[in-house]
Engineer: 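Structure incoming, see below.
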Amino acid sequence: MAKINILDSSIYNRIAAGEVVERPASAVKEFVENSIDAGARNIEVRIARGGKDLISVIDDGCGIEKSELRSAFLPHATSKIAKVEDLDVIRTLGFRGEALASVASVAHVTLKSRAAGCDEAYSLTCSGGEIGEIVPCALESGTEIVAENLFFNTPVRAKFMKTDKSEESEISAVMSRFVLGNPEISFKYYIDGKLSVQSFGGGLDEAVAAVYGAAAIAECYKIDAVKHGVRVRGYIGKPSYTKANRTYQSTFVNGRYVSNNTISSAVANAYASYLMKRQYPFYVLFIDVPPEIVDVNVHPNKSDVRFENNQVIYGSIYSVVSAVLDGNASALEYVVKDADAPRMPEPLSVEPREDVPRREKAIPFQAEKTVPLPFPEAGKSAVSDIHAYEPPRVRHGFIPESETGRGFAITFHDSGVRAEKPAPQNVPPPTYVNEAFLSQDVRETSGEQDVFAENKKYLDLLDQKAKRQKFIFENAELKGSLFNTYLIYEEGDNAYIIDQHAAHERLIFDKLCEEMDSRKVVSQPMLVPFVLSVNREEAAFIADHLQSIAEIGFEIEEFGAGSFKISSVPLDLQEIDLKGFFDDLLGEVGNLKGIRLTQLLRDKIAMTACKHAVKGGMMLTDSEKEKLFEMLHGDMGLKCPHGRPVAVKLTKYEIEKMFKRIV
């Protein structure tokens with residue numbers, strides 16, 4: 001039987017570090033949270049090489065006594081809770097006492113601190129879990145903590161860290177959340193010695209402007225409401241102010257940044273009737289509830305919380321947000337009436353009604369109160385994504401061979417066509433068997449000729465189909481058109497009705513796809529460059545894929561902080577909607593499957609083909625009709641890039657049956 005070992009602190013601290021410190025951003029988060037809990041009003045953060053080489057956090061908080069410096073590096077040592085009952089009313093960001101010990105076990109950490117009222121500052125170093133000696137040092141006030149060479153003694157973890165730019169982007173996202181969640185604190189954030197973000201502790205308006213720019217405030221409603229003991233405040237974007245992904249959404253519960261399904265579902269459902277698919281609202285929301293009804297100790301990195309009653313939380317947020325978006329009379333009480341705040345739309349009725357509840361002042365939390373809104377039932381999880389209510393329709397098909405001798409296996413979505421690698425669908429491929437692997441018994445039992453007979457039969461079917469299509473093409477006769485949209489051709493006992501727009505659109509699409517697959521990258525310079533403004537997560541995403549974007553014909557380069565300049569576009573997509581294209585591209589942020597540039601390009605090609613094809617109702621000359629039919633090469637099974645059939649076949653039998661000539 002294996003012996004049970006009691007692990008040494010150097011081992012279990014390193015194990016804990018794997019859960020608490022996932023990457024440099026985790027260390028930054030833990031250090032800054034300690035500074036906030038210490039009452040700091042000014043916090044300075046510096047990183048080098050994405051936090052891998054250096055993480056430094058300096059604050060002016062209450063500091064740490066000399067006698068307690070060594071205890072700060074011990075596991076489960078904290079000043080924020082003292083007894084088990086304290087876990088039920090957590091009011092600080094940190095409380096487990098694991099962070100500093102975990103980081104110090106996988107990095108070189110130096111802690112300097114000067115406690116309030118003390119004349120001297122002291123320093124203590126811990127490298128890989130080995131604690132040094134306490135020595136005097138120079139420090140004006142507060143605490144300075146420096147972590148260097150993160151994961152130096154855990155090469156496996158270091159190997160799985162992302163690029164410097166990606167790690168830097170993640171830290172920047174963490175710092176943006178700290179700025180938004182603590183608007184009364186002044187932050188300075190330096191990347192490789194350069195000031196990247198600065199806030200002055202002047203309030204939420206200033207914090208939002210520091211992170212998203214002052215223009216974002218003009219596109220939002222500032223709200224402050226109390227519903228059933230739940231305070232909902234912050235900024236929600238106007239329905240017209242949408243984003244391509246969810247990186248512009250921030251939620252804070254009692255000052256802590258969280259990602260919670262109940263809250264996100266309430267906001268998403270409130271916006272549901274205003275937004276199209278793949279559009280997401282902008283919001284910075286603060287949810288303040290009594291600490292005894294929320295459990296923050298449910299996730300290793302405290303990124304989620306659990307509420308005592310999800311129904312009340314959901315209903316409170318949903319009713320406030322939907323009232324503001326709908327412009328109801330009750331929304332007048334929720335919107336902050338600042339001079340600079342955006343004006344609310346005129347309410348449907350400003351007369352007080354008995355069925356509209358009035359806002360109460362600081363009412364206590366009452367879990368038994370509910371409102372008749374479509375929030376989840378007790379015991380059921382909230383819907384995390386509004387798109388779950390309307391899954392995209394998907395249809396599969398196969399584009400037959402044309403003159404190019406190529407076919408595309410395709411999938412039609414509501415958003416457009418997805419063309420995949422050339423492959424027949426719903427047609428059994430020829431079977432090839434290596435004779436060397438067949439024993440004599442097997443060959444005698446199954447018959448050597450069976451394989452070749454199947455292959456020959458398959459090829460004969462394709463040949464017959466080609467001959468039939470050629471026969472239709474050579475013998476069909478134009479009989480006229482309907483509504484300047486549908487061309488009527490007669491061939492034997494069959495009539496073919498062709499949609500001129502769908503047919504022309506498909507022909508253009510095939511031509512552009514063929515050119516795209518074999519084309520040399522040719523770009524068309526723009527007279528006026530297009531400037532794309534993005535947040536930090538989006539900027540990192542584009543920076544990681546700059547080479548791929550350039551390979552398809554875009555000339556793109558960084559253009560200052562949070563911006564990219566597009567100077568050229570692919571020659572075969574000169575009329576492309578750049579904003580729409582990059583919105584679709586940025587919709588891939590956070591997608592585990594990664595970027596799909598080829599599919600995205602085919603979508604844009606399909607839109608280009610639709611725009612340039614002849615339209616329904618457009619009168620064509622006889623020569624144009626004949627040319628269009630000739631370009632089809634008799635292939636009546638085609639579909640347009642959006643899935644509509646190009647031609648419909650009616651037999652003489654079907655037509656005579658309609659007129660009761662045949663019973």
Side-chain angles (χ1 to χ4, degrees), residues 204-205 208 216-243 248-253 260-276 279-289 307 309-377 382-384 386 389:
L204 183 58
D205 294 5
V208 172
I217 298 178
E219 298 293 335
C220 297
Y221 301 123
K222 188 176 183 180
I223 63 173
D224 192 345
V226 175
K227 272 279 191 179
H228 306 286
V230 178
R231 186 182 180 190
V232 183
R233 57 190 177 91
Y235 281 101
I236 60 172
K238 297 177 181 178
S240 59
Y241 189 53
T242 61
K243 297 298 179 181
Y248 291 84
Q249 301 175 354
S250 301
T251 305
F252 302 89
V253 175
N260 181 265
N261 282 345
T262 300
I263 297 173
S264 61
S265 297
V267 179
N269 290 344
Y271 274 92
S273 59
Y274 293 96
L275 303 184
M276 298 176 65
Q279 289 185 340
Y280 303 94
F282 172 99
Y283 59 83
V284 179
L285 279 182
F286 293 81
I287 312 300
D288 300 325
V289 298
F307 296 104
N309 192 319
N310 281 334
Q311 291 184 343
V312 173
I313 302 298
Y314 182 100
S316 301
I317 298 171
Y318 178 90
S319 59
V320 170
V321 176
S322 60
V324 173
L325 297 177
D326 295 342
N328 294 343
S330 57
L332 296 174
E333 300 180 354
Y334 303 154
V335 176
V336 177
K337 300 175 179 62
D338 291 342
D340 298 330
R343 295 186 61 185
M344 276 287 298
E346 290 297 326
L348 299 178
S349 174
V350 296
E351 296 296 327
R353 305 200 317 262
E354 294 181 359
D355 60 330
V356 178
R358 309 303 293 173
R359 178 179 172 185
E360 300 173 353
K361 293 184 178 180
I363 62 174
F365 179 82
Q366 299 175 15
E368 69 278 8
K369 282 191 176 183
T370 58
V371 291
L373 292 169
F375 45 72
E377 297 178 5
V383 180
S384 61
I386 186 60
Y389 289 113

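Because the structure is predicted, anything quoted here is derived from the model rather than measured. Below, each value reflects all heavy atoms present in this structure, side chains not excepted, and no hydrogens, waters or symmetry copies.
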Engineer: Between atom OG1 of T251 and atom CD of Q249, what is the distance when rounded to the nearest 0.5 Å?
Structural biologist: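 Separation between the atoms: 7.5 Å.
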Engineer: Tell me every residue that passes side-chain hydrogen bond (donor to acceptor under 3.5 Å, both in side chains) with Y248, counting only those two or more places apart in sequence or in another chain.
Structural biologist: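 With neighbours one apart ignored, the set is E538.
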Engineer: Any chance you could measure K243, atom NZ, to Y280, atom OH, to the nearest 0.5 Å?
Structural biologist: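 OH of Y280 is found 14.5 Å from NZ of K243.
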Engineer: Do you know which of L204, V336, I223 makes side chain to side chain contact (heavy atoms under 4.5 Å, CB included) with Y235?
Structural biologist: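 Of L204, V336, I223, side chain to side chain contact (heavy atoms under 4.5 Å, CB included) with Y235 is met by L204 alone.
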Engineer: Ignoring hydrogens and geometry, is there a side-chain-to-backbone donor-acceptor pair from S316 to K227 under 3.5 Å?
Structural biologist: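 Yes, the answer is positive, given that a donor and an acceptor are paired below the 3.5 Å cut-off.
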Engineer: How far apart are the C-alpha atoms of S264 and Y283, what are their side-chain angles, what is the distance that settles it, and do they pass the side-chain contact (heavy atoms from CB on, under 4.5 Å) test?
Structural biologist: CA-CA 10 Å; S264 61; Y283 59 83; 4.1 Å; yes
Engineer: Where do Y274 and D326 land on the side chain to side chain donor-acceptor pair (under 3.5 Å) test, with the steps shown first?
Structural biologist: CA-CA 10 Å; Y274 293 96; D326 295 342; 2.4 Å; yes
Engineer: Determine whether I263 and F252 satisfy the following criterion, side-chain contact (heavy atoms from CB on, under 4.5 Å), listing intermediate values before the conclusion.
Structural biologist: CA-CA 10 Å; I263 297 173; F252 302 89; over 6 Å; no
Engineer: Could you walk me through whether N260 and I313 pass side-chain contact (heavy atoms from CB on, under 4.5 Å), step by step?
Structural biologist: CA-CA 11 Å; N260 181 265; I313 302 298; 5.8 Å; no
Engineer: Work out which heavy atom in S322 is nearest to a heavy atom in S319; give both atom names and the distance.
Structural biologist: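 Reported closest heavy-atom pair: OG-O, 3.3 Å.
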Engineer: With distance as the sole test, does Y271 use its side chain to make a donor-acceptor pair with the main-chain N or O of G237 at under 3.5 Å?
Structural biologist: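 Such a contact is found between Y271 side chain and G237 backbone.
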Engineer: When you look at V230 and D288, which way does the side-chain contact (heavy atoms from CB on, under 4.5 Å) test go after all the steps?
Structural biologist: CA-CA 6 Å; V230 178; D288 300 325; over 6 Å; no
Engineer: Could you pull out the closest heavy-atom pair between E219 and S240, with the gap in Å?
Structural biologist: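 Smallest interatomic distance, heavy atoms only, reads OE1-OG, 4.4 Å.
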Engineer: For T242, give me all partners under side chain to side chain contact (heavy atoms under 4.5 Å, CB included), at least two apart in sequence or on another chain.
Structural biologist: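 Listed in chain order: L275, Q279.
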Engineer: How many angstroms lie between CG in L325 and CD1 in I236, if you round to the nearest 0.5 Å?
Structural biologist: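 These two atoms lie 4.5 Å from each other.
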Engineer: With sequence neighbours left out, what residues match F282 under ring pair (Phe, Tyr, Trp, His ring centres under 6.0 Å)?
Structural biologist: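 Partners of F282 by the ring pair (Phe, Tyr, Trp, His ring centres under 6.0 Å) criterion, ordered by chain and then number, come out as Y212, Y241.
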Engineer: Got a donor-acceptor contact below 3.5 angstrom from the Y334 side chain to the A323 backbone?
Structural biologist: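 Absent.
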